[in-house]
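All values below were derived from every heavy atom in this structure, side-chain atoms included, with hydrogens, water molecules and symmetry-related copies excluded. The structure displayed is predicted, hence computed values, not measured ones.
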Amino acid sequence: SVKYGFTVTDHRENQVRDRDFGVSTELTYRNLFGKGVVTGFSGKVDRSFREARLFSSFPVFFNRDVASTVSLFRTRETLDDAVSNTWGITLKQQWRLRDFYLLSYDYSYRRVGTLELDLTDDDPDIVDGVLPVARFNVTLTRDTRDDFFNATRGTFFSNSFDLAPPGIGSAVKYIRN
């Protein structure tokens with residue numbers, strides 16, 4: 001399948017309003033090797049942001065109904081005084097449990113490179129160089145809503161936990177809930 005469209009991003013900073021116009025596309029093949037494997041490419045481009053993503057999703061894991069996804073991505077964001085380039089990979093699994101529960105966990109690794117454009121300004125908030133960032137994530141979700149967009153009954157619950165311990169490839173260590 002092919003999806004495409006136009007994007008409008010509205011930026012508001014320091015009482016200044018700015019809009020970026022761009023395009024986005026997604027190419028997906030939904031039955032690779034006749035096994036229900038979904039694979040594809042998605043991309044987005046506007047004046048200050050570019051993103052490309054290759055992905056593949058497998059519906060079965062060791063004869064269990066578990067969705068496993070691999071995603072490779074690259075982004076480039078141009079700011080007023082810096083350029084940020086990111087390369088990364090995410091490995092994710094989702095388990096459907098009883099009573100409308102969904103358990104998701106993933107590992108994500110990113111190499112974030114930043115380059116300051118204005119060399120006369122020594123901004124301490126911008127770190128030139130490449131910084132590896134890796135993390136584990138676990139999310140438990142329960143959704144009993146009758147409609148995703150316009151719910152009249154049901155509940156939605158979600159709790160997510162990020163962990164970036166030493167030894168998984170990250171220069172930044174953190175815990176977030």
ask   = Do the side-chain N and O atoms of Ser68 and Gln93 include a donor-acceptor pair separated by under 3.5 angstrom?
value = yes
query = Is any side-chain heavy atom of Ile168 closer than 4.5 Å to a side-chain heavy atom of Phe136?
reply = yes
ask   = For the side chain of Arg142 and the backbone of Asp99, is there at least one donor-acceptor N/O pair under 3.5 Å apart?
value = yes
request  = Starting at NZ of Lys92, measure out to OG1 of Thr69 and round the result to the nearest 0.5 Å.
outcome  = 7.0 Å
inquiry  = Would the distance check show the side chain of Thr144 and the main-chain N or O of Thr155 forming a donor-acceptor pair, the cut-off being under 3.5 Å?
reply    = yes
inquiry  = For a quick test of reading the model, state the closest non-hydrogen atom pair linking Gly169 to Pro132 and the distance between them.
reply    = O-CB, 3.4 Å
request  = Give the C-alpha distance, both sets of side-chain angles, the deciding distance and a yes or no for side-chain hydrogen bond (donor to acceptor under 3.5 Å, both in side chains) between Ser84 and Glu77.
outcome  = CA-CA 5 Å; Ser84 176; Glu77 185 172 13; 5.5 Å; no
message = With a sphere of 6.0 Å drawn around CZ of Arg111, does it hold more than 12 non-hydrogen atoms of other residues, nucleotides or ligands?
response = no
task = Check the hydrophobic clustering (I, L, V, M, F, W, Y; side-chain heavy atoms under 4.5 Å; chains of links allowed) and say if Tyr107 and Val70 are grouped together.
result = yes
message = Whether the side chain of Ser170 engages the backbone of Ala134 through a donor-acceptor N/O pair (distance < 3.5 Å, no angle test) should be reported.
response = yes
note = When every non-hydrogen atom of Asp146 is compared with those of Ala151, the smallest separation belongs to OD1-CA, 3.4 Å
message = Could you see if Tyr29 belongs to whatever hydrophobic cluster contains Phe33? Use Ile, Leu, Val, Met, Phe, Trp, Tyr and a side-chain cutoff under 4.5 Å.
response = yes
remark   = Note: Ser48 and Asp46 closest approach over all heavy atoms is N-OD1, 3.0 Å
note = Rounding to 0.5 Å, atoms OG (Ser24) and CD (Glu51) come to a distance of 10.0 Å
inquiry  = Checking Ser104 against Asp106 for the side-chain hydrogen bond (donor to acceptor under 3.5 Å, both in side chains) test, could you report, in this order, the C-alpha distance in whole Å, the side-chain angles of both residues, the deciding distance, and whether it holds?
reply    = CA-CA 7 Å; Ser104 304; Asp106 67 73; over 6 Å; no
message = Counting neighbours of CZ on Phe49 that are heavy atoms of other residues, nucleotides or ligands and sit closer than 6.0 Å, is the number greater than 12?
response = yes
key: Polar side chain donor-acceptor pair, Tyr105 to Trp95, under 3.5 angstrom   = yes
query = Ser108 and Asn137: side-chain donor and acceptor closer than 3.5 Å?
reply = no
message = Taking CZ in Arg50 as the centre, count heavy atoms belonging to other residues, nucleotides or ligands within less than 6.0 Å. Is the count above 12?
response = no
key: Residue pair Ile89 / Ser71, side-chain heavy-atom distance below 4.5 Å   = no
message = Let me confirm one number: the OG-CG distance from Ser160 to Asn177, rounded to the nearest 0.5 Å.
response = 7.5 Å
request  = Test side chain to side chain contact (heavy atoms under 4.5 Å, CB included) on Val172 and Leu131 and set out the steps.
outcome  = CA-CA 8 Å; Val172 179; Leu131 184 68; 3.9 Å; yes
task = Just grab all the salt bridge (Lys or Arg N to Asp or Glu O under 4.0 Å) pairs involving residues 163-177, residues at least two apart or on different chains.
result = Asp162-Arg176
query = Does Asn31 reach the main-chain N or O of Gly36 with its side chain, forming a donor-acceptor pair under 3.5 Å?
reply = yes
request  = With the side chain counted from C-beta on, respond yes when Arg74 and Asn85 share a heavy-atom pair under 4.5 Å apart, and no when they do not.
outcome  = yes
remark   = Rounded to the nearest 0.5 Å, the CH2 atom of Trp87 sits from the CZ atom of Arg110 at a distance of 15.5 Å
task = Please check if atom CZ in Arg96 has more than 12 non-hydrogen atoms from other residues, nucleotides or ligands closer than 6.0 Å.
result = no
note = Here the gap from Ser57 atom OG to Gln94 atom CD, rounded to the nearest 0.5 Å, amounts to 8.0 Å
inquiry  = Check whether Thr39 reaches the backbone of Phe55 with its side chain - one donor and one acceptor, N or O, closer than 3.5 Å.
reply    = yes
task = Using the ring pair (Phe, Tyr, Trp, His ring centres under 6.0 Å) rule, collect all pairs that involve residues 154-177, keeping only residues at least two apart or in two chains.
result = none
Single hit among Leu103, Thr141, Leu102 for side chain to side chain contact (heavy atoms under 4.5 Å, CB included) with Leu97 = Leu103
key: Shortest non-hydrogen separation from Val23 to Thr7 and the atoms involved   = N-OG1, 4.0 Å
ask   = Rounded to the nearest 0.5 Å, how far does OH of Tyr101 lie from CG of Asp143?
value = 11.5 Å
ask   = Is Phe62 reachable from Val60 through a run of hydrophobic residues whose side-chain heavy atoms are each under 4.5 Å from the next?
value = no
